[in-house]
Amino acid sequence: MQRTAATTAKGEEILRVEAKWRDRWEADRAAFVDTKEPAGNGKYLLVMLPYPSGDRLHVGHARTYFLTDALHRFLRQTGVTVFCPMGWDAFGLPAENYAIQMGIHPRTSTLANIAAMKEQFRSWGVLYDWTKEVTTCEPEYYRWNQWFFLKLLEKGLAVRRKSAVNWCPSCETVLANEQAEGGVCERCGTAVVPRELEQWFLKITDYADRLLDGLDTLGEWPEKVVTMQRNWIGRSTGADLDFAIPSLNETVRVFTTRPDTVFGATALILAPEHALVPRLLEVNPKRAELESWVASVRSQERIVREAEGAEKDGRDTGRTAINPFTGQEVPVWLANFVIADYGTGALMAVPAHDTRDFEFAKKYGIPIVKVIEPEREEKREEFLRKKEGTGDFLRREEGEGATRGSVAAAAGAGPPPPARDLSKKSPADDAGAPVGAYTGEGFLIASGPFSGKSSSIARELIAAEAARRGIGGPRVRYRLRDWLISRQRYWGTPIPMVHCEKDGWVPVPEKDLPVVLPPDAPFTGKGGNPLEKVASFVRTTCPSCGGPARRETDTMDTFVDSSWYFLRYLDPRNDTEPFDPAVVKEWAPVDQYIGGIEHAILHLLYARFFTRILKDLGHVTFEEPFSALFNQGMITRLSPSGRVEKMSKSRGNSVSLDALIAEKGADAVRAFVLFLGPPEKDAEWSDEGISGPERFLWRVRSTVERFLATGADPQAQPAKGDTPAARVRHMTIKKVTEDFRAFSFHTAVAHLMELLNGASVLVNDAGAEAGETATTLRALVTLLHPIAPHLSEELNERMGGKKSLLMSGWPTFDPALAEMESASIAVQISGKVRAEVSVRRGSSEKEVVAAAEANPAVARWLEGKQRVKTIWVQDRLLNIVVK
RNA sequence: GCCCUGGUGGCGGAAUUGGUAGACGCGCACGUUUGAGGGGCGUGUGGAGCAAUCCGUGCCAGUUCGAGUCUGGCCCAGGGCACCA
């Protein structure tokens, strides 16, 4: 496509104006970005730390920044003091991989990327307060990560323990779960295997309940995120029960959410990783075979072992345990589906009432003993009696039954389960052989003294009984695991620990922080962590005994960096503490957090955890770091694969922002991205769509220019208050203001387009009053500023505006004028719209009925009919029901 | 399997929370301006019908004078979790 002289001139003019205003905002920062004096209505707002990846930011990234900047400018215009900082999440794996591939030091590439991104931000016209910039890979920042670590260690919240990690045998390194997606190393494609390593953990599980409770206070968070966190924490209430193994003189503790089914527990099943496994197998004649099976399950790739529909596999240990409630012997099994680090790594199998146990029992011939009935005997008879009575009762009962329990069909069972019929006892009764487990609640049978009790009551009684007998008791467990922060990586915060032969693990004293990452290390991608090969770093002396010692070479997960950076923004140069509590108290918690849904769990949970720790340490006074959260949707586009997917460079469907801005200007791109659709939803990019907002902005400009050409005073006030033009203006101010407050940027743009159409008519109308027209144009330009800041500032100046729009206030509206004077009433005959009559707003029903009757279309429908009644909605609708 | 979201013209999407469905924009059509192309400007644009009118917010019922909106059931798409005892 060839550009003509005309478009070039237009394009050049746009770019000239945008450059002019960027320079002004930058040169006169103090006038626009004043964060020194937080006012009482201080609104503190921010976005996610952008990752300084190697790629330039493209259109897919733009939404969060445009959205934030629009909100920022709007708030400032309405007089709120806003602090909108930006910083860099600079540590992490991509930079290190880049070093391995390209031979460029992570620090060099990271700092270059940061410089490039800052330049991009500048070109978009986003207002960040760069005086508060934070860069996490600098010792001035990460020394506080180390300081936090020492505090956590003191409180017993940082611990070292053995754990299975994802190991890539080819790269000889540990991978985070995200880096081992699909069970293969993201770098070399080798299958990842589990490997036991000693690792540092932060005990986030100690905070599970507080993290859960806090979720109820997050009213301004998306419900979805709150639910995701709740599921992730995964609180389950139940009971611990001890099963004795007399032949070993040991007991195995299990956790169950269904203690009411304990009389149906016909086996004890342990994870292959369970500590008792070696002893269980000690004297087994097939010991070697069993041990090799255990070893093979333990080394199995996570992805295979946990795959959907993975075959359940187990072995009988030959030992027996005693069911503590029936007193009967049950076999002790090992099975691949038992998870080592949930609960106690052991479970009681109740095949009759658990789908997984059922599947396992069927495969291995373990007895299935039913102990729960969906309905109590006498209740069922009563039910059957009533069933013959009213149909109403039947429907209600079935509804209740459906919510109470469900029949889970056995995996692979042929036909779907038959429609529920409560006259059947349970699926097991149907034809002798049970076809599935009844996992719902009901009433106990064959359960000794508990028979006849309901599930919920029996649960409590059985748990209490276990407690009384000293073999367990009520227990709450969580799905949440402790946070593994060790990374065998160079490009991260060194963990401030030293290992001494004599004293073991010794923390680096606070006065010796930071432990600085050595500038040079061999990046080969082979042989593990490059830090291990830096002798000057590794060799040290023991802080405790002064003898020779080895420094910890693991570095921290980068999520540690992002768990508290938002507080460091407030006091980034502080070198005596992570931040000044007084400054933090003034601004925090964050009023509005904006970011993608991808952080719904990890980052947001870790930040909430850290905030609680900081509160316990006395550094902050609140528990929740982010009062309000907004998740913007992704920008999608058709990719070469033929699917509409998230825009990204790797998918080959990205659109260059740099090129687009160089051609259309930042304002047009901003307006278009905001116009795409509701910001919380995904939006599909269309290359042609930008012409709408582009034309709109150019028409705003030409309309103002045409008005200025008339020589009228652009600062003039309207002569009269109540005119149709004034009403349109007030209405638009109202709508746009409400839209911005509701993050409804796309409708704000639409309403401004309508206002332009009105303004354009005024400018073309020789009879229009100049003050009216000028005031409408000034309102348009002011309201437009959050969306198209450069153009609006330029037009404001050309219309004689003395101050930047950032400082000159937001237009107000008179509610009485923010609606049209006449109301258009829909006239319905028997609920169908037959005509529309225009009346003065506030007209009475009588007046409107008269007006409607005068309308020929209405008259025709009323003719020969009898009026039954009339429904009247003020200023809106008249419905005459006839027969 | 469980838990969320969502389903409205050719397309992106509006709809004051039960009151005129389709704002605004894209696309398309016609007209106009221009030497031409691009661009600009104007008009029209849910479907059917010459018209009166009828039909239309995933499907089926229901409540109501009136349902995109509320209730029950179902279908489809997207997302999250998933052998968590």
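Residue numbering restarts at 1 for every chain, and letters A, B, ... go by the order of the sequence lines.
The shortest distance between the side-chain N/O atoms of A/Ser236 and the OP1/OP2 oxygens of B/A85 is below 4.0 Å. Under 4.0 angstrom from either OP1 or OP2 of B/C24 there lies no side-chain N or O belonging to A/His746. In this model, the phosphate group of B/G25 is not approached by any side-chain N or O of A/Arg695 to a distance below 4.0 Å at OP1 or OP2. Dashed line: the shortest gap from a side-chain N or O of A/Arg699 to OP1 or OP2 of B/G40 is not under 4.0 Å. At B/G18, none of the side-chain N or O atoms of A/Arg876 fall inside 4.0 Å of OP1 or OP2 (strictly under the cut-off). One finds no side-chain N or O of A/Lys224 lying less than 4.0 angstrom from the OP1 or OP2 phosphate oxygen of B/C4. Between A/Arg834 and B/C54, a side-chain N or O to OP1/OP2 separation shorter than 4.0 Å is present. Side-chain nitrogen and oxygen atoms of A/Arg701 include none within less than 4.0 Å of the OP1 or OP2 phosphate oxygen of B/G40.
Remark: B/C74 base-pairs with B/G58; criterion is Watson-Crick or G-U wobble with both hydrogen-bond distances under 3.5 Å. Across all strands shown, B/C83 forms no Watson-Crick or G-U wobble pair with both key distances under 3.5 Å. In this structure, B/G68 forms no base pair with any nucleotide, since neither Watson-Crick nor G-U wobble geometry is met with both distances under 3.5 Å. Pair check for B/A48 finds B/U53; Watson-Crick or G-U wobble, both atom distances under 3.5 Å. Shown here, B/C30 forms a base pair with B/G42; the pair counts as Watson-Crick or G-U wobble because both key distances fall under 3.5 Å. A 3.5 Å limit on both hydrogen-bonding distances identifies no Watson-Crick or G-U partner for B/A14. Using N1 to N3 plus N6-O4 or O6-N4 for Watson-Crick, or N1-O2 and O6-N3 for G-U wobble, each under 3.5 Å, B/A36 pairs with nothing. Checking B/G22 for Watson-Crick or G-U wobble geometry (two distances, each under 3.5 Å) identifies no partner in any strand.
The minimum heavy-atom distance linking A/Val839 with A/Ala851 is given by the pair CG1-CB, 4.3 Å. Contact record, A/Asp260 with A/Ile462: CA-CD1, 3.9 Å, taken as the closest heavy-atom pair.
Separating the CG atom of A/Leu602 from the C1' atom of B/C81 is a distance of 13 Å, rounded to the nearest angstrom. Atom P of nucleotide B/G39 and atom CZ of A/Phe696 are separated by 20 Å, given to the nearest angstrom. B/A23 atom C1' lies 19 Å from atom CZ of A/Phe745, rounded to whole Å. Remark: C1' of B/A82 and OH of A/Tyr478 are 21 Å apart, rounded to the nearest angstrom. The CE atom of A/Met228 sits 8 Å away from the C1' atom of B/C81 (whole-angstrom rounding). Computed from coordinates, the A/Lys735 NZ to B/A15 C1' distance equals 11 Å when rounded to whole Å.
A/Trp861 comes within 4.0 angstrom of the backbone, heavy atoms only, and of no base. Among the atoms of the strands shown, none is found under 4.0 Å from any heavy atom of A/Arg477. When heavy atoms are screened at a 4.0 angstrom cut-off, A/Glu223 is found touching no nucleic acid atom at all. At the heavy-atom level, A/Asn879 lies under 4.0 Å from base atoms of the strands shown. A/Arg860 comes within 4.0 angstrom of sugar-phosphate atoms only, judged by non-hydrogen atoms across all strands, and of no base.
Within the 3.5 Å criterion, the main-chain N or O of A/Gly343 finds no donor-acceptor partner in the side chain of A/Arg475. With hydrogens and angles ignored, the 3.5 Å screen pairs no side-chain donor or acceptor of A/Tyr478 with any backbone N or O of A/Ala208. At least one donor-acceptor pair closer than 3.5 Å links the side chain of A/Asp482 to the backbone N or O of A/Thr205. Under a 3.5 Å cut-off, the side chain of A/Gln632 and the backbone N or O of A/Ile597 do not form any donor-acceptor pair.
When distances run from any side-chain atom of A/Ala750 to the nucleotides B/C24, B/A14, B/G19, the shortest one goes to B/C24.
Ion pairing of A/Glu680 with A/Lys224 is absent here, as no side-chain N (NZ or NE/NH1/NH2) approaches a carboxylate O to less than 4.0 Å.
With P as the reference atom, B/U45 and B/C24 are 12 Å apart, rounded to whole Å.
Each of A/Ile601 and A/Phe255 lies near RNA chain B, and the nucleotide nearest A/Ile601 is the one positioned closer to the 5' end.
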